[in-house]
Amino acid sequence: MSAPTLTHDPAAGERRPRRPRTRTVRTPSAGKALRRNLTAHGFLIGAVLCFAFFSWYPIVREFLLAFQKTEDGRVGWTGWDNFVTIWNDPAFGQAWRNTLWFTALALVLGFAVPFVTALVINEFRHGQGYLRLLVYLPVMLPPTASVLLFKYLYDPGYGMFNQVLDVFGIPARQWLQDPDTAMLSVVVASTWMNMGGATLIYLAALQSVPGELYEAAELDGAGLLRKVWHVTIPQTRLILALMLLMQIIATMQVFIEPFLLTGGAGPEGSTTTVVYLIYQYAFNFNDYGAAAALGLMLLVLLAAFSAVYARLNRATEA
């Protein structure tokens with residue numbers, strides 16, 4: 001609060017304090033505030049409606065379809081019959097085993113390779129921009145084009161992979177036609193297609209690590225591996241945990257790669273995944289109830305896994 005100023009009064013022959021001027025603050029009316037925020041409310045309502053229509057409504061619709069059956073154009077409630085149908089399907093267990101096997105292989109390659117690539121790029125002092133562009137280039141390609149490129153490379157007659165094996169005197173392989181190598185071939189293609197985004201995220205996390213920690217580790221005689229284990233991984237643990245969760249959720253929903261490389265099922269059903277089995281129920285068998293039931297099972301499994309993972313991660317941080 002400012003001190004009052006003094007004014008001189010000739011008649012009184014003395015100075016008297018001048019009263020400070022007070023400003024009245026006018027609060028805007030409710031109508032003006034509403035008009036001011038009308039544009040923001042419009043964008044917010046539009047976003048909520050789009051999210052509800054394209055995300056919430058399909059989830060609710062899938063939940064209802066899982067307990068319904070459509071016959072002769074009439075929809076009726078069937079209870080758990082759709083779940084019993086897919087449970088008794090011989091392809092049900094194989095699809096889950098293949099999906100878990102794909103997830104395990106993708107974690108070994110798709111989770112480790114981008115992190116190692118980010119570590120290598122982070123060591124370069126010059127040309128990081130070109131390296132980031134080179135790594136992210138496959139992500140910018142259409143997924144169909146990338147998969148067809150690998151299908152060409154895997155060709156048993158003129159594919160590049162078999163030509164490389166021929167240089168070293170190794171017999172050619174039936175990469176996509178052999179049940180033992182079909183799933184691994186799909187994982188390699190998927191890793192190459194999707195590693196660019198993860199690599200850039202890891203690289204950004206690595207560049208936020210304080211350099212003083214590496215200098216202190218070098219003074220203690222730590223080598224490259226010890227610096228990575230004791231400095232890099234602890235400092236980027238939150239990003240690694242988040243990417244691990246996203247990697248598992250994404251690989252459990254794999255569809256494009258096996259569908260285009262091996263026709264979906266693959267040799268002896270070796271690349272049949274849960275999402276491909278959902279596709280078969282919906283578009284080959286016209287059984288949308290069974291497809292919705294299997295999709296609901298996958299949704300519940302991934303939601304339960306996410307909840308348990310978040311709980312364990314929170315307990316570890318505490």
**Asked** Same hydrophobic cluster for Leu105 and Phe115, using side-chain heavy-atom links shorter than 4.5 Å among ILVMFWY?
**Response** yes
**Fill in**
Rounded to the nearest 0.5 Å, the CD1 atom of Ile233 sits from the NZ atom of Lys227 at a distance of 14.0 Å
**Prompt:** Tell me, which pairs form a ring pair (Phe, Tyr, Trp, His ring centres under 6.0 Å) where one or both residues lie in residues 204-233, sequence neighbours left out?
**Reply:** none
**Item:** side-chain contact (heavy atoms from CB on, under 4.5 Å) between Leu200 and Val135, worked out
**Value:** CA-CA 8 Å; Leu200 294 186; Val135 171; 5.7 Å; no
**Item:** Between CG on residue Leu100 and OG1 on residue Thr251, distance to nearest 0.5 Å
**Value:** 9.5 Å
**Item:** Flag side-chain contact, heavy atom, 4.5 Å: Leu242 against Met246
**Value:** yes
**Request:** Compare every heavy atom of Val147 with every heavy atom of Leu260, then report the nearest pair and how far apart it is.
**Result:** CB-CG1, 3.3 Å
**Message:** Any donor-acceptor pair under 3.5 Å linking the side-chain atoms of Asn162 with those of Trp175?
**Reply:** yes
**Asked** Hey, is the main chain of Leu203 close enough, under 3.5 Å, to the side chain of Asn122 for a donor-acceptor pair?
**Response** no
**Asked** Of the non-hydrogen atoms in Ser185 and Leu176, which two are nearest, and what is the gap between them?
**Response** CB-CD2, 3.8 Å
**Request:** Decide yes or no on side-chain contact (heavy atoms from CB on, under 4.5 Å) for Val187 and Thr191, but give the supporting numbers first.
**Result:** CA-CA 6 Å; Val187 171; Thr191 301; 4.0 Å; yes
**Those residues that, when tested against Asp89, pass side-chain hydrogen bond (donor to acceptor under 3.5 Å, both in side chains) (two or more places apart)** = Tyr281
**Fill in**
Interatomic distance, CZ@Arg173 vs OH@Tyr154, rounded to 0.5 Å, equals 12.0 Å
**Point-to-point distance, once rounded to the nearest 0.5 Å, from CD1 of Ile278 to CG of Leu296** = 10.0 Å
**Hydrophobic cluster membership, Val116 vs Val113, 4.5 Å side-chain cutoff** = no
**Fill in**
What one should report as the nearest heavy-atom pair of Asn98 and Gly269 is ND2-O, 2.8 Å
**Asp178 side-chain N/O to Thr181 backbone N/O, donor-acceptor pair under 3.5 Å** = no
**Request:** With the side chain counted from C-beta on, respond yes when Pro156 and Gln174 share a heavy-atom pair under 4.5 Å apart, and no when they do not.
**Result:** yes
**Message:** Surrounding CZ of Phe305 (heavy atoms of other residues, nucleotides or ligands, distance under 6.0 Å), is the total greater than 12?
**Reply:** yes
**Prompt:** Would you call Gln247 and Leu107 a side-chain contact if the rule is heavy atoms closer than 4.5 Å?
**Reply:** yes
**Asked** Once the angle between the rings of Tyr279 and Phe259 is folded into 0 to 90°, is it parallel (under 30°), tilted (30 to 60°) or perpendicular (over 60°)?
**Response** perpendicular
**Request:** Decide yes or no on side-chain contact (heavy atoms from CB on, under 4.5 Å) for Tyr158 and Asp155, but give the supporting numbers first.
**Result:** CA-CA 6 Å; Tyr158 51 82; Asp155 189 272; 3.4 Å; yes
**Asked** Which heavy atom in Ser306 sits nearest to a heavy atom in Leu245, and how many Å separate them?
**Response** OG-CD1, 3.9 Å
**Message:** Does Tyr57 have more than 12 heavy atoms from other residues, nucleotides or ligands lying within 6.0 Å of its OH?
**Reply:** no
**Message:** To check you understand the geometry: which heavy-atom pair defines the closest contact between Gln94 and Ser270, and what is its length?
**Reply:** NE2-N, 4.3 Å
**Fill in**
Exactly one of Thr236, Leu119, Leu240, Thr117 clears side chain to side chain contact (heavy atoms under 4.5 Å, CB included) with Tyr202, and that residue is Leu240
**Message:** Between Asp81 and Lys69, does any NZ, NE, NH1 or NH2 come within less than 4.0 Å of an OD or OE carboxylate oxygen?
**Reply:** no
**Request:** Using a 4.5 Å cut-off on heavy atoms from C-beta on, say whether the side chain of Met252 contacts that of Val274.
**Result:** no
**side-chain hydrogen bond (donor to acceptor under 3.5 Å, both in side chains) partners of Gln207, counting only residues at least two apart** = Gln128
**From Tyr276 atom OH to Thr99 atom OG1, the distance as rounded to the nearest 0.5 Å** = 13.0 Å
**Message:** Less than 4.5 Å apart, side chain to side chain, heavy atoms only: is that true for Leu298 and Trp96?
**Reply:** yes
**Request:** Quick one: closest heavy-atom pair of Pro234 and Val228, and the distance?
**Result:** CD-O, 4.4 Å
**Message:** Any side-chain to backbone donor/acceptor pair from Ser55 onto Ala52? Under 3.5 Å, distance only.
**Reply:** no
**Message:** Main chain of Ala265, side chain of Thr271: is a donor-acceptor contact present, judged purely on distance under 3.5 Å?
**Reply:** yes
**Request:** State yes or no: do Tyr288 and Ile59 share one hydrophobic cluster built from I, L, V, M, F, W and Y residues joined by side-chain heavy-atom distances below 4.5 Å, directly or via other members?
**Result:** no
**Request:** Would you indicate whether the side-chain heavy atoms of Phe83 and Met297 approach each other to under 4.5 Å?
**Result:** yes
**Message:** When you measure from the side chain of Gln68 to the backbone of Gly289, do you find a donor-acceptor pair of N or O atoms at a distance under 3.5 Å?
**Reply:** no
**Asked** Is Trp56 reachable from Ile45 through a run of hydrophobic residues whose side-chain heavy atoms are each under 4.5 Å from the next?
**Response** no
**Asked** Below 4.5 Å, heavy atoms only, C-beta onward: do Pro138 and Met193 meet side chain to side chain?
**Response** no
**Asked** Do you reckon Tyr136 sits in the same ILVMFWY cluster as Leu109, going by side-chain contacts under 4.5 Å, direct or chained?
**Response** no
**Message:** Distance check, rounded to the nearest 0.5 Å: Leu277 atom CG versus Ile86 atom CD1?
**Reply:** 8.0 Å
**Request:** For Asn82 and Ala66, indicate whether the former's side chain and the latter's backbone hold a donor-acceptor pair under 3.5 Å.
**Result:** yes
**Prompt:** Considering residues, nucleotides and ligands other than Ile256, do more than 12 of their heavy atoms fall under 6.0 Å from its CD1?
**Reply:** no
**Prompt:** Is a side-chain donor-acceptor pair under 3.5 Å present for Asn194 with Ser190?
**Reply:** yes
**Message:** Atom CZ of residue position Phe285 - does it have more than 12 heavy atoms of other residues, nucleotides or ligands inside 6.0 Å?
**Reply:** yes
**Message:** Quick check on Trp192: does its CH2 atom have over 12 non-hydrogen neighbours (other residues, nucleotides or ligands) under 6.0 Å away?
**Reply:** yes
**Message:** Checking Asp166 against Ile170 for the side-chain contact (heavy atoms from CB on, under 4.5 Å) test, could you report, in this order, the C-alpha distance in whole Å, the side-chain angles of both residues, the deciding distance, and whether it holds?
**Reply:** CA-CA 5 Å; Asp166 184 65; Ile170 302 175; over 6 Å; no
**Note, Leu238 side chain near Met243 side chain (heavy atom, < 4.5 Å)** = no
